[in-house]
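The sequence lines fix the lettering, A, B, ..., with proteins before strands; numbering per chain opens at 1.
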Amino acid sequence: MAPPETLRVYNTMRGEKVSLTPLEPGKIKIYVCGPTVYSYVHIGNARSFTSFDVIVRYLRYRGFDVKYVRNYTDVDDKIINAARVIGQWGTRLTVQNDGSATLDGQPFKWTTDGHKLTLIDRAELPIDLAKQTVTLDGEALVRQGAPNDPIEHAAHFVREFEADAKALHMIPPDVSPKVSETIPEIITIIEKLIAKGVAYESRGDVYFQVSKYPQYAKLSKRKLDDLQAGARVEPGDAKREPLDFALWKSAKPGEPSWESPWGRGRPGWHIECSAMSAKYLGDTFDLHGGGLDLIFPHHENEIAQSEAASGVELCKCWMHGGFLDLEGAKMSKSLGNVVRLRDALQKVDAEALRYFFLSTHYRAPLGFSDKSLADADARMEYFYETLRLANERPSAGGVDDEKHLRAIEHEMDDDFNFTGALGHLSALFADMNKQLTEKDKGKANAALTALKASVKKIASVLGLFEDDPAQWLSRRRDRAVKQRGIDVAKVEAAITARADARKAKDFKRGDEIRAELKAMGVDIMDTPQGTTWKVTPE
RNA sequence: GGCGCCAUAGCCAAGUGGUAAGGCAAGGGUCUGCAAAACCCUCAUCCCCCGGUUCGAAUCCGGGUGGCGCCUCCA
């Protein structure tokens, strides 16, 4: 399929939807700001990455040759801090995913005010834990046996991220560069900026001089005067002007550092993305993605650095994903209202979580709640139950389904309107169910074959329906059984007893048994193949 | 304080000038011994409020109210 001419994308720089015109016909180069790997990703992060996952999948579905780069920030203050905490307490302190924690094998209590993890009830220990606080941005993330090496700490959480991403059915990017592996390129860019007179060295640090770059803040549309007012100067900073930001930070003891023309040190936060995107995508590329919170200062600084260095536009179109909200507030590690992805995946199926993410447009806020998750899970059950029945039918040719695919493409072509597409997906499944009850089986099977083919195509875009339906349904039931503490043997005995009662025409007893099971959360279905049962998760 | 986003039925949520997708819930029906599942029907004369532009606005403009975000680390 030839890539369409009509695809429109909301460009934050312009504040409106623009036609996606690739720099090179048929090819799209996209850079997505990846995670800072100091702890586990939360579902807010996951929502954003899932959005770009579907966007990349759709661009490929549409026939574009996509090069997808998503970095890991593995050199950063947060990582250094997290590793330091672990170095201090080492293997003695662990906090499990369920919130329980131990110190030297003994359970202890902890609280968090959103910024600090406070250990309580353990004043007798060598460290005065009654007063001691751990600044981990609300994340009680301490893993057993972690060494006090920030790079190793980061590498560990890269692996954890990759496991989580895979569990959420995300496609891997073509390139996942790391800061620690891009140091030479970072140094080269900084040298270029110094040579051009927009950056300067000061006491082993290097800063970007914002006043030398007149277009600064064109993405976030701020006025320099306003920024000036709120600018913060750290005590240790050697900036010329408050708005200047660090490209290179001189090494402090215990921090990872590399040799540079300015002495040992490490890169500032923003320069890495400039270096990595240039290295893998060139000076100008098509799409740049990230969360809304990255607009300022991260992307703003990225633009300033890259464009000052290269003299050309960094990116044709800036895409920003909306936040995931928990009880009306943005989910973020610094607020402490965090649900980790891996914890969410314990409670709900990965595809149900994906469906939930896609149920609101990628730029809009998405409210997370147990109910919204349960709704998504119930919807996935409907889809999979339909597919299970449809898969029992033999394939038959002769019919095409264009209607649903075209409708979904129409939605997706308009700024990746996942949610609009999902509306048409409902129509597709309703059609499948109609065909499943159609009297003319031959005709129905031909229609179902075409509809199943459409589902398969859409599945590849949404990252849904990748499981075998029967297995998916079975896993869902297993999880619900476990959650509700249901005794499977008891359920099956009850079903047998009911079958006996029904055989004896004792429908009253049969219905009593049904009611008893219902009270346990078990629904039974009488089918031509016998009685089956299902459990709705709590 | 500065900048920006949002406000659609009981709930969630698409829809950026042409007369309100979809899902959940609810009510009715078909099927079933009864159920479940599925399917069908019903469910916003109207899109926070006020004013304006227009033949025509949920959609554009101005004002107001309410919520959120960024301005410090953040997807």
Side-chain angles (χ1 to χ4, degrees), chain A residues 12 15-17 32-36 38 41-52 70 73 76-78 81 115 135 137 217 220-223 225-232 234 269 289-298 300 320-325 328-335 338 355-356 359-367 369 371-372 374-376 378-379 381-382 385-386 389 407 411 414 417-427 429-438 502 505 507-508 510-511 514-515 517-518 522-527 531-534:
Chain A
T12 307
E16 62 188 0
K17 290 178 194 171
V32 175
C33 284
T36 299
Y38 68 101
V41 284
H42 61 66
I43 53 173
N45 301 321
R47 189 254 177 137
S48 180
F49 293 133
T50 300
S51 295
F52 290 107
R70 187 187 63 210
T73 296
D76 175 85
D77 290 346
K78 285 169 169 328
N81 288 338
H115 293 276
T135 303
D137 292 305
S220 57
K221 293 160 188 70
R222 306 228 159 121
K223 296 191 190 91
D225 289 346
D226 296 334
L227 289 171
Q228 214 80 252
R232 195 175 63 163
E234 297 288 337
W269 175 34
L292 269 176
D293 47 1
L294 295 181
I295 292 174
F296 189 91
H298 186 242
E300 205 65 78
H320 291 98
F323 297 129
L324 188 133
D325 294 341
K330 170 190 170 185
M331 181 172 292
S332 83
K333 291 176 184 173
S334 45
L335 292 176
V338 163
Y355 185 86
F356 163 66
S359 66
T360 297
H361 187 86
Y362 78 91
R363 283 189 285 112
L366 170 62
S369 68
K371 184 183 180 298
S372 57
D375 286 350
R379 198 64 189 149
E381 193 214 9
Y382 164 82
E385 182 60 29
T386 305
L389 294 169
E411 296 291 349
D414 183 14
N417 190 347
F418 310 150
T419 315
L422 256 28
H424 296 293
L425 192 68
S426 286
F429 275 82
D431 272 4
M432 284 184 104
N433 276 118
K434 275 175 225 170
Q435 295 300 148
L436 284 167
T437 53
E438 169 66 44
R502 291 176 74 209
K505 300 285 176 198
F507 292 121
K508 185 164 174 284
D511 290 348
R514 173 192 291 287
L517 289 169
K518 179 85 184 165
V522 175
D523 283 309
I524 53 178
M525 290 87 74
D526 296 323
T527 74
T531 299
T532 61
W533 57 284
K534 66 169 190 171

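Counting distance only, with no hydrogens placed and no angle test, the side-chain atoms of A:Arg222 and the base atoms of B:rG4 include no donor-acceptor pair under 3.5 Å. At a cut-off of 3.5 angstrom, counting only N and O atoms as typed in the model, there is no donor on one side facing an acceptor on the other between the side-chain of A:Asn417 and the base of B:rG15. For A:Asp77 and B:rC73, a side-chain-to-base donor-acceptor distance below 3.5 Å is absent, hydrogens and geometry of angles not being considered. A donor-acceptor contact under 3.5 Å links the side chain of A:Arg514 to the base of B:rA35.
The separation between A:Asn433 atom CG and B:rC31 atom C1' is 14 Å, rounded to whole Å. Residue A:Asp523 contributes atom CG, which lies 15 Å from atom C1' of B:rA38 at whole-angstrom precision. As a whole-Å value, the separation of A:Tyr362 OH from B:rA14 P is 13 Å. At whole-Å resolution of the value, CD in A:Glu16 and C1' in B:rC60 are 14 Å apart. Across the protein-nucleic acid pair, A:Glu438 atom CD and B:rC31 atom P stand 17 Å apart, rounded to whole Å. Atom CZ in A:Arg379 sits about 16 Å away from atom P in B:rA14, given to the nearest Å. If you measure from atom NZ of A:Lys518 to atom C1' of B:rA35, you get 9 Å, rounded to the nearest angstrom.
Comparing the C1' positions of B:rG52 and B:rC39 gives an interatomic distance of 48 Å, to the nearest angstrom. To the nearest whole angstrom, the two P atoms, one in B:rC47 and one in B:rC60, are 15 Å apart. To the nearest whole angstrom, the two P atoms, one in B:rC12 and one in B:rC48, are 14 Å apart. Taking the C1' atom of each, B:rU30 and B:rU65 are spaced 49 Å apart, rounded to whole Å. Nucleotides B:rU59 and B:rG23, compared at atom P, are 26 Å apart to the nearest Å. Between the C1' atoms of B:rA58 and B:rC46, the separation comes to 9 Å (whole Å).
Heavy atoms of A:Arg502 sit under 4.0 angstrom from at least one base atom. Nucleic acid contact for A:Gly290: sugar-phosphate only, since backbone atoms but no base atoms lie under 4.0 Å from a heavy atom of the residue. Among the protein residues, A:Lys221 comes within range of the sugar-phosphate backbone only, with heavy atoms under 4.0 Å from sugar or phosphate atoms but none that close to a base. When heavy atoms are screened at a 4.0 angstrom cut-off, A:Gly367 is found touching no nucleic acid atom at all. Here A:Ala378 lies out of heavy-atom contact (under 4.0 Å) with every strand.
Of the candidate nucleotides B:rG33, B:rA75, B:rG22, B:rG22 has the atom lying nearest to any side-chain atom of A:Ser426. Nearest to the side-chain atoms of A:Phe296 among the listed nucleotides B:rA37, B:rC71, B:rA13 stands B:rC71. Across B:rC70, B:rA36, B:rC73, the shortest atom-to-atom separation from the side chain of A:Pro297 is found for B:rC73. Among the nucleotides B:rA37, B:rA75, B:rG22, the one closest to any side-chain atom of A:Lys534 is B:rA37.
Salt bridge A:Glu300/A:Arg222: absent, no basic N to carboxylate O contact under 4.0 Å.
Side chains of A:Arg379 and A:Leu422 form no contact here, defined as non-hydrogen atoms less than 4.5 Å apart.
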